[in-house]
Amino acid sequence: MSLHKSKLAFIGGGNMASAIIGGLIAQGVPKTNIWVAEPWDVNRDKMAALGVQATASNVEAGGQADLIIIAVKPQVAQGVCEELAAAWSSRDTLPVVVSIAAGITLQSLQDWLRTGNSSTAHTKDGRTAHTVRVMPNTPALLGQGASGVFASADVTAEERTLVNDLLASVSQATEWVDREELLDVVTGLSGSGPAYFFAMVEHLVASATALGLSSEQATRLAAQTCLGAGKMLVESSDTPTKLRQNVTSPNGTTHAALQTFEAEGFQEIVDKAVKAATNRAAELGDILAKK
């Protein structure tokens with residue numbers, strides 16, 4: 001199965017869907033192969049302006065698609081999935097479904113996508129689509145995303161390659177996990193992670209401003225420092241520990257700053273923050289699964 005020859009259907013036309021579609025078009029995926037189902041006129045018009053097929057109907061977009069991307073709010077995911085499953089009941093082969101709806105468990109998705117749930121389903125009841133959950137992050141909007149992925153056991157190697165090709169349009173790092181609960185850890189790390197770095201830059205700017213730099217100067221310097229350090233992390237073969245050591249001269253300025261971090265419990269603060277985000281992701285998943 002080739003991404004360039006598949007019919008792709010996005011159910012939901014928000015920012016993340018728009019980012020993925022833009023990346024797919026840049027990769028040369030034919031616009032005529034991409035469908036978007038979006039109820040809001042404004043978003044639907046934006047999708048149509050990209051040259052893809054835009055409709056208000058989930059079934060028109062996804063009824064015969066090879067790959068479905070569920071990109072709707074979690075609260076409406078069940079209705080969308082059940083509507084699609086009813087439309088697939090007479091199909092010989094079901095599509096691969098990729099969900100980026102936060103917190104919706106694989107079991108819930110498979111239950112909702114099972115043909116035969118609807119009174120209109122008739123011929124091949126009881127089947128469910130091969131399903132993949134993805135936890136992306138907001139840098140995907142700039143093509144610099146990091147994504148965690150978990151698949152149902154029936155997803156084939158070929159289908160995994162298809163999903164990798166899809167995510168490559170927006171993610172520079174795509175990590176498959178072998179237990180679904182690890183997606184909560186991915187959420188605590190890279191899903192929520194951009195906000196941690198924004199907060200760090202925010203506080204760096206405030207500190208430098210208090211010491212006399214203008215807010216504009218401090219912001220430019222801090223933002224570029226964050227970008228440069230990130231680029232070093234991505235492009236260097238050294239570990240984060242080694243990179244830190246490389247910039248830390250004994251009894252120098254960086255050493256003084258890092259000693260302050262250590263004295264104030266920086267490691268414990270980060271550990272508690274990631275665990276709090278991970279635990280909250282698990283709680284939200286439980287809440288959504290019970291609805």
Side-chain angles (χ1 to χ4, degrees), residues 1-40 42-56 58 60-62 64-74 76-77 80-81 84 95-104 106 109 113 129-151 155 158-177 183 186-187 190-194:
M1 187 183 300
S2 164
L3 194 65
H4 287 68
K5 295 181 179 179
S6 302
K7 178 183 177 182
L8 313 177
F10 289 78
I11 311 301
N15 289 335
M16 194 61 71
S18 180
I20 296 173
I21 290 168
L24 292 172
I25 293 172
Q27 287 182 3
V29 174
K31 296 178 182 180
T32 53
N33 290 2
I34 303 173
W35 284 73
V36 182
E38 169 55 52
W40 296 98
V42 173
N43 285 349
R44 194 163 62 248
D45 290 344
K46 288 180 180 178
M47 295 295 104
L50 293 174
V52 301
Q53 318 304 307
T55 176
N58 296 328
E60 183 182 9
Q64 296 301 318
D66 303 303
L67 179 64
I68 308 283
I69 298 90
I70 304 293
V72 298
K73 293 180 179 179
V76 302
V80 164
C81 289
L84 289 171
V96 178
V97 175
V98 174
S99 172
I100 61 174
I104 303 296
L106 195 68
L109 290 165
L113 291 167
H130 293 186
T131 310
V132 177
R133 280 188 63 193
V134 177
M135 169 49 64
N137 64 3
T138 54
L141 301 176
L142 301 176
Q144 295 294 320
S147 299
V149 194
F150 178 74
V155 172
E158 183 183 18
E159 291 167 343
R160 283 175 177 255
T161 298
L162 189 69
V163 174
N164 277 332
D165 291 343
L166 173 76
L167 295 177
S169 64
V170 291
S171 284
Q172 299 300 313
T174 297
E175 300 294 334
W176 293 76
V177 297
L183 280 186
V186 172
T187 301
S190 56
S192 299

T55 and E60: which non-hydrogen atoms are nearest, and at how many Å? OG1-OE1, 2.5 Å
Would you compute the distance between atom CG of N58 and atom CD1 of I11 and round it to the nearest 0.5 angstrom? 5.0 Å
Where V132 and A151 come nearest, the two heavy atoms and their spacing: CG2-CB, 4.0 Å
Is a side-chain donor or acceptor of S169 paired with a backbone partner of L166 at a separation under 3.5 angstrom? yes
State, with a plain yes or no, whether a side-chain heavy atom of L141 is found less than 4.5 Å away from one of N15. yes
Trace of the side-chain contact (heavy atoms from CB on, under 4.5 Å) decision for I100 with M16: CA-CA 9 Å; I100 61 174; M16 194 61 71; 3.6 Å; yes
Polar side-chain atom of E159 near backbone of V96 as donor-acceptor pair, under 3.5 Å: no
May I ask you to decide if E38's main-chain N or O and R44's side chain share a donor-acceptor pair within less than 3.5 Å? yes
Search all heavy atoms of A101 against all heavy atoms of S99 and return the closest pair with its distance. N-OG, 3.2 Å
Donor-acceptor pair, distance only, cut-off 3.5 Å: does the side chain of S192 make one with the backbone of T187? yes
With rounding to the nearest 0.5 angstrom, report the CD1 to CZ distance, I69 to F10. 4.0 Å
To the nearest 0.5 Å, how far apart are CD1 in I104 and OG1 in T131? 12.5 Å
Beyond-backbone contact of P136 with V170, side-chain heavy atoms, under 4.5 angstrom: no
State the CG-CD1 distance between L8 and I68, to the nearest 0.5 angstrom. 9.0 Å
Heavy-atom closest pair, residues P139 and P194: CD-CG, 3.6 Å
Would you please test I70 and V97 for side-chain contact (heavy atoms from CB on, under 4.5 Å) and show each step? CA-CA 7 Å; I70 304 293; V97 175; 3.7 Å; yes
Close side-chain approach of L167 to V134, heavy-atom, < 4.5 Å: yes
N164 meets the side-chain contact (heavy atoms from CB on, under 4.5 Å) criterion, sequence neighbours left out, with T174, W176
Check A17 against A71 and note the closest heavy-atom contact, atom names and distance. CB-CB, 4.2 Å
Table please: side-chain donor-acceptor pairs of residues 18-37 below 3.5 Å, with sequence neighbours left out.
residue, atom, partner, partner atom, Å
K31, NZ, L50, O, 3.4
N33, ND2, H4, O, 3.0

Just by distance, do the side chain of N137 and the backbone of S190 share a donor-acceptor pair under 3.5 Å? yes
If you compare all heavy atoms of P95 against all heavy atoms of A129, which two are closest, and at what distance to 0.1 Å? O-CB, 3.3 Å
For atom CG of D45, decide whether the heavy atoms of other residues, nucleotides or ligands shown that lie under 6.0 angstrom number more than 12. yes
Return the set of residues passing side-chain contact (heavy atoms from CB on, under 4.5 Å) with E175 (not counting sequence neighbours), or none when no residue passes. none
